[in-house]
Chemist: 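There's a structure below that I have some questions on.
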Amino acid sequence: MTGVGTTAAINAAVLYLLAHALYKGGLFLVAGIIDHETGTRKISALSGLAKKMPFTAVAAMAASVSMAGLIPTKGFLGKEMLYDALLNAPGPGVVYLAILFAASALFVVVALYIGYEILFGEVRPDKAHEAGKMMFIPPLILGLAGFLLAVFPQWLSQPLLSGATDIVMGSATKLKLKLWHGFNLVFWLSMA
């Protein structure tokens, strides 16, 4: 996105970087918790963990929903800004948009396929148990921040992201964030 060079593209890239940090940070922490509390990293050996690890499951679901770019998450807001920036970009923006669209679809597939089996499949392994509070609270905070910062985008996102965009662009920029832009082409791309 930064290669597109427009202010909208830089704004979208910075916003998506924040969304990515929130959901991927949460998912990496969840993966560590699962490894620690089950004693295995083998996905084929993990199933039905939501019953044995409910707080970890909520953190994983919150982060996965944002990674899939579903409304009302920071992942959705970031994806919409990326789509909009590429639709209005000069040059091969539409080609980049098609690549981004395919990647976004793969994120949804990964979130559903892996998340569903690991969290809601047949319950195993037997020794799985919920982690201590100091382990599951950080990914919960990251996952829930993806919702909170999307519902109130001007609250923290505006000052943080405007400063980052200003540094990249080398001048003052205006970042307008809102969760709902109406039924437009960008929204329908997100829904697809």
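Values reported hereafter were calculated over all heavy atoms of this structure, with side chains retained and with hydrogens, waters and symmetry mates removed. All values derive from a computational prediction rather than experimental measurement.
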Chemist: Hey, are the side chains of T56 and P139 touching, using non-hydrogen atoms and a 4.5 Å cut-off?
Modeler: no
Chemist: Tell me, do L86 and V94 make a side-chain contact under 4.5 Å, heavy atoms counted?
Modeler: no
Chemist: Would you call the rings of F120 and Y116 parallel, tilted or perpendicular, taking 30° and 60° as the class edges?
Modeler: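 Correct class here is tilted.
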Chemist: Apply side chain to side chain contact (heavy atoms under 4.5 Å, CB included) to residues L15 and L77 and explain how you reach the verdict.
Modeler: CA-CA 8 Å; L15 175 64; L77 188 58; 3.9 Å; yes
Chemist: With distance as the sole test, does K79 use its side chain to make a donor-acceptor pair with the main-chain N or O of G69 at under 3.5 Å?
Modeler: yes
Chemist: If I compare all heavy atoms of A85 with all of A12, which pair ends up nearest, and what's the gap?
Modeler: CB-CB, 4.2 Å
Chemist: Among all residues two or more places apart in sequence or in another chain, which pass the salt bridge (Lys or Arg N to Asp or Glu O under 4.0 Å) test with E117?
Modeler: R124
Chemist: Are any non-hydrogen side-chain atoms of M135 and E130 less than 4.5 angstrom apart?
Modeler: no
Chemist: For side chain to side chain contact (heavy atoms under 4.5 Å, CB included), just list the numbers for F55 and V58, CA-CA rounded to whole Å, side-chain angles, deciding distance to a tenth of an Å, and then say yes or no.
Modeler: CA-CA 5 Å; F55 294 109; V58 169; 5.7 Å; no
Chemist: What distance do Y83 atom OH and L87 atom CG have between them, rounded to the nearest 0.5 Å?
Modeler: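 Output value for this atom pair is 10.0 Å.
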Chemist: Report the C-alpha distance between F187 and F76 in whole Å, list the side-chain angles of each, state the deciding distance to 0.1 Å, and finish with yes or no for side chain to side chain contact (heavy atoms under 4.5 Å, CB included).
Modeler: CA-CA 10 Å; F187 174 78; F76 172 80; 4.3 Å; yes
Chemist: Do F136 and Y23 share a hydrophobic cluster (ILVMFWY, side-chain heavy atoms under 4.5 Å, transitive)?
Modeler: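 Same cluster: F136 reaches Y23 through Ile, Leu, Val, Met, Phe, Trp or Tyr contacts under 4.5 Å.
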Chemist: If you group Ile, Leu, Val, Met, Phe, Trp and Tyr by side-chain heavy-atom gaps below 4.5 Å, do W188 and I71 land in one group?
Modeler: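 Hydrophobic grouping puts W188 with I71.
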Chemist: Under a 4.5 Å side-chain heavy-atom rule over Ile, Leu, Val, Met, Phe, Trp and Tyr, are V108 and V110 clustered together?
Modeler: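 No, no single cluster joins them.
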Chemist: To check you understand the geometry: which heavy-atom pair defines the closest contact between A60 and L27, and what is its length?
Modeler: O-CD2, 3.9 Å
Chemist: From E122 CD over to K51 NZ, what is the distance, rounded to the nearest 0.5 angstrom?
Modeler: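 E122 atom CD to K51 atom NZ measures 10.0 Å (nearest 0.5 Å).
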Chemist: Would you say L17 and I10 are hydrophobically clustered, going by side-chain heavy atoms of ILVMFWY under 4.5 Å?
Modeler: no
Chemist: Any idea which heavy atoms bring G75 and S66 closest together, and the distance?
Modeler: N-OG, 3.0 Å
Chemist: Roughly how far, to the nearest 0.5 Å, is the CG atom of L142 from the CZ atom of F28?
Modeler: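 One finds 12.5 Å between CZ of F28 and CG of L142.
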Chemist: Work out which heavy atom in P90 is nearest to a heavy atom in T6; give both atom names and the distance.
Modeler: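 Nearest heavy atoms, P90 then T6: CD-CG2, 3.9 Å.
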Chemist: Taking I34's backbone N and O only, do any of them form a donor-acceptor pair with T38's side chain (distance below 3.5 Å, no angle check)?
Modeler: yes
Chemist: Do the side chains of E37 and M53 get nearer than 4.5 Å, heavy atoms only?
Modeler: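 They are in contact (side-chain heavy atoms under 4.5 Å apart), so the answer is yes.
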Chemist: Please answer whether the main-chain N or O of I118 pairs with a side-chain N or O of S47 as donor and acceptor at a distance below 3.5 Å.
Modeler: no
Chemist: Where is the tightest heavy-atom contact between L82 and A13, given as atom of each residue plus distance?
Modeler: CD2-N, 4.1 Å
Chemist: Quick one: pull up CG in L119 and NZ in K52 and give me the separation to the nearest 0.5 Å.
Modeler: 14.0 Å
Chemist: Check for me, please, whether L49 and V65 land in the same ILVMFWY cluster - side-chain distances under 4.5 Å, paths through other members count.
Modeler: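 No: no chain of side-chain contacts under 4.5 Å links L49 to V65.
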Chemist: Return the CG to OG distance between L70 and S64, rounded to the nearest 0.5 Å.
Modeler: 10.0 Å
Chemist: Give, for atom CG of L189 and atom CG of D84, the distance between the pair rounded to the nearest 0.5 Å.
Modeler: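 CG of D84 is found 10.5 Å from CG of L189.
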Chemist: How far apart are the closest heavy atoms of P72 and F147, and which atoms are they?
Modeler: O-CD2, 3.5 Å
